[in-house]
Amino acid sequence: MLVLGIESSCDETAAAVVDAARPVGKRILSNVVFSQWDAVRKYGGVVPEVAARAHVEKIDPVVDQALAEAGVSIADLDGISATTGPGLIGGVIVGASYAKALALGAEKPFLAINHLEGHALTPRLVDDVPFPFLLLLVSGGHCQTVLVRGVGDYQRIGTTIDDAIGEAFDKTAKMMGLEMPGGPAVEGLARRGDDRAVPLPIPFKGRPGTDFSFSGLKTAVRRAIEGDQGHRPEDIAASFQRVAFQSLIDRTRRAAQSIDDPLSALVVAGGVAANQVLSAELLGLGEELGLKVVVPPLSLCTDNGAMIAWAGAERLALGQPEAWFAQLDVAPRPRWPLDPDAPKSSGAGAAKA
Ligand code: KG4
Ligand code: ZN
């Protein structure tokens with residue numbers, strides 16, 4: 001089952017072809033990602049209008065390359081999926097409209113995919129992970145724990161009440177004058193630092209509930225940078241990273257303990273999952289909880305087309321959509337929660353302690 005997936009919700013123009021009929025490890029036939037690093041560095045972040053224009057320029061060559069590398073043509077495909085939200089709406093419109101036009105021209109099923117669902121199902125692309133499992137989604141825009149019961153069946157357990165953890169990495173990097181994207185820059189610098197040298201508060205550690213918070217830590221980091229204690233940048237980076245992950249692990253442990261369903265695994269997704277220190281900490285947590293831990297390879301942690309193709313394949317396998325044209329009128333959305341029933345944040349104490 002061949003699916004083309006298109007992703008354009010932030011600053012990556014990406015396309016991939018996945019063959020769901022193949023065994024784990026052999027399913028990705030191509031995975032082309034064009035990252036707008038130059039523009040992000042130039043403007044110090046993602047500028048939605050600049051990003052949307054770059055998507056318009058890149059989408060054609062990126063899709064062509066994905067098809068060519070996979071050695072397939074549009075006619076061979078069983079479906080065409082695209083991120084239809086959430087994300088920067090200009091970019092989402094570019095990718096979704098492009099995919100719809102391809103699908104309409106070839107009379108192939110179009111699948112409107114939620115970007116977060118793409119991240120959530122990625123572990124099943126690369127490993128044998130039955131439902132239900134606990135997902136830790138850590139990216140630039142999201143910081144959530146989600147109970148994944150099935151395709152389209154998600155229950156949010158915890159979420160951030162302010163910043164996402166990737167955002168905290170990016171802001172820390174910016175305050176320290178490091179290159180964007182901030183996550184890899186902070187991780188690289190932290191490798192040379194002493195992670196106990198700078199005293200920083202561990203957000204929400206030991207607090208009841210399962211929510212996250214990172215804005216207080218950001219303020220503490222700013223004080224450490226601007227203060228007169230003469231902290232070395234590598235020590236600030238290492239201390240920030242240790243404390244941020246301690247909080248993340250503490251909240252994830254509480255989320256896992258609040259769930260009665262027998263979980264098959266703890267899986268991590270989103271850009272921050274590329275961090276080696278975090279994956280080591282998660283493996284430790286998995287051992288403690290007796291849970292298998294799945295960390296997708298680096299190239300599948302950050303935004304990519306393969307995760308969108310795979311989510312489309314999972315839906316096709318369930319017989320969705322019933323008619324190839326059924327989702328052509330799904331409108332691109334800037335916001336699209338995985339769990340529409342979840343309260344804005346679960347609030348301290350809302351989940352089981
Ligand atoms: O999932 P993603 O590619 O895009 C979305 O936000 O949807 O995640 C990007 C985020 C950025 O905030 C980036 O700084 C962070 O993931 N990131 C990292 C690392 N690599 C990327 N954070 C910490 N350590 C890393 N190695
Ligand atoms: Zn993402």
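Counting starts at 1 for both ligands and their atoms, following the listed order.
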- Could you go step by step and tell me if F169 and F245 meet the ring-ring contact (aromatic ring centres under 6.0 Å, His included) rule? CA-CA 11 Å; F169 270 87; F245 288 160; 5.6 Å; yes
- Sub-4.0 Å atoms of ligand 1 with respect to non-hydrogen atoms of E187: 25 (C), 26 (N)
- Task: State which residues pass side-chain contact (heavy atoms from CB on, under 4.5 Å) with A106; sequence neighbours excluded, sorted by chain then number.
- Result: I74, K108
- Item | Enumerated ligand 1 atoms positioned under 4.0 Å from heavy atoms of G166 | 12 (O)
- S215 and its side-chain contact (heavy atoms from CB on, under 4.5 Å) partner, picked from T160, D163, I161: D163
- Message: Check E167 with K171, please: is the shortest side-chain N to carboxylate O separation under 4.0 Å?
- Response: yes
- Message: Between Q144 and D339, is the side chain to side chain donor-acceptor pair (under 3.5 Å) condition met? List the steps.
- Response: CA-CA 11 Å; Q144 312 182 346; D339 176 1; over 6 Å; no
- atom 25 (C) of ligand 1: closest protein heavy atom, distance to 0.1 Å, is G183 C, 3.6 Å
- Message: Under 3.5 Å between any N/O of D170 and any N/O of ligand 1: does that happen in this structure?
- Response: yes
- Contact atoms of ligand 1, heavy-atom distance to H115 under 4.0 Å: 7 (O)
- Task: List every atom of ligand 1 that sits less than 4.0 Å from any heavy atom of T302, numbering the atoms from 1 in the order shown and giving each element.
- Result: 3 (O)
- Message: Please report, to 10°, the angle around the Zn ion (ligand 2) from atom OD1 (D303) across to atom NE2 (H115).
- Response: 90°
- Task: Mark up the atoms of ligand 1 that fall under 4.0 Å of a heavy atom belonging to G270, in ascending order.
- Result: 1 (O)
- R254 side-chain N/O to R207 backbone N/O, donor-acceptor pair under 3.5 Å: yes
- Query: H119 near ligand 1, heavy-atom distance under 4.0 Å?
  - Reply: yes
- Task: Flag yes if more than 12 heavy atoms outside K292 fall under 6.0 Å of its NZ atom; otherwise flag no.
- Result: yes
- Identify, by atom number and element, the atoms of ligand 1 in contact range of G140, meaning under 4.0 Å from any of its heavy atoms. 5 (C), 6 (O), 8 (O), 9 (C), 10 (C), 12 (O)
- Query: Do the side chain of R315 and the main chain of L111 share a donor and acceptor less than 3.5 angstrom apart?
  - Reply: no
- Can you check whether G271 has an N/O within less than 3.5 Å of an N/O in ligand 1? yes
- Message: Tell me whether K218 is salt-bridged to D162, with the criterion being a basic N under 4.0 Å from an acidic carboxylate O.
- Response: no
- Query: So does H119 have any N/O/S atom less than 2.8 Å away from the Zn ion (ligand 2)?
  - Reply: yes
- Message: Using a 4.0 Å cut-off to any heavy atom of G141, which atoms of ligand 1 qualify?
- Response: 6 (O)
- Query: Has H142 got an N/O/S atom less than 2.8 Å from the Zn ion (ligand 2)?
  - Reply: no
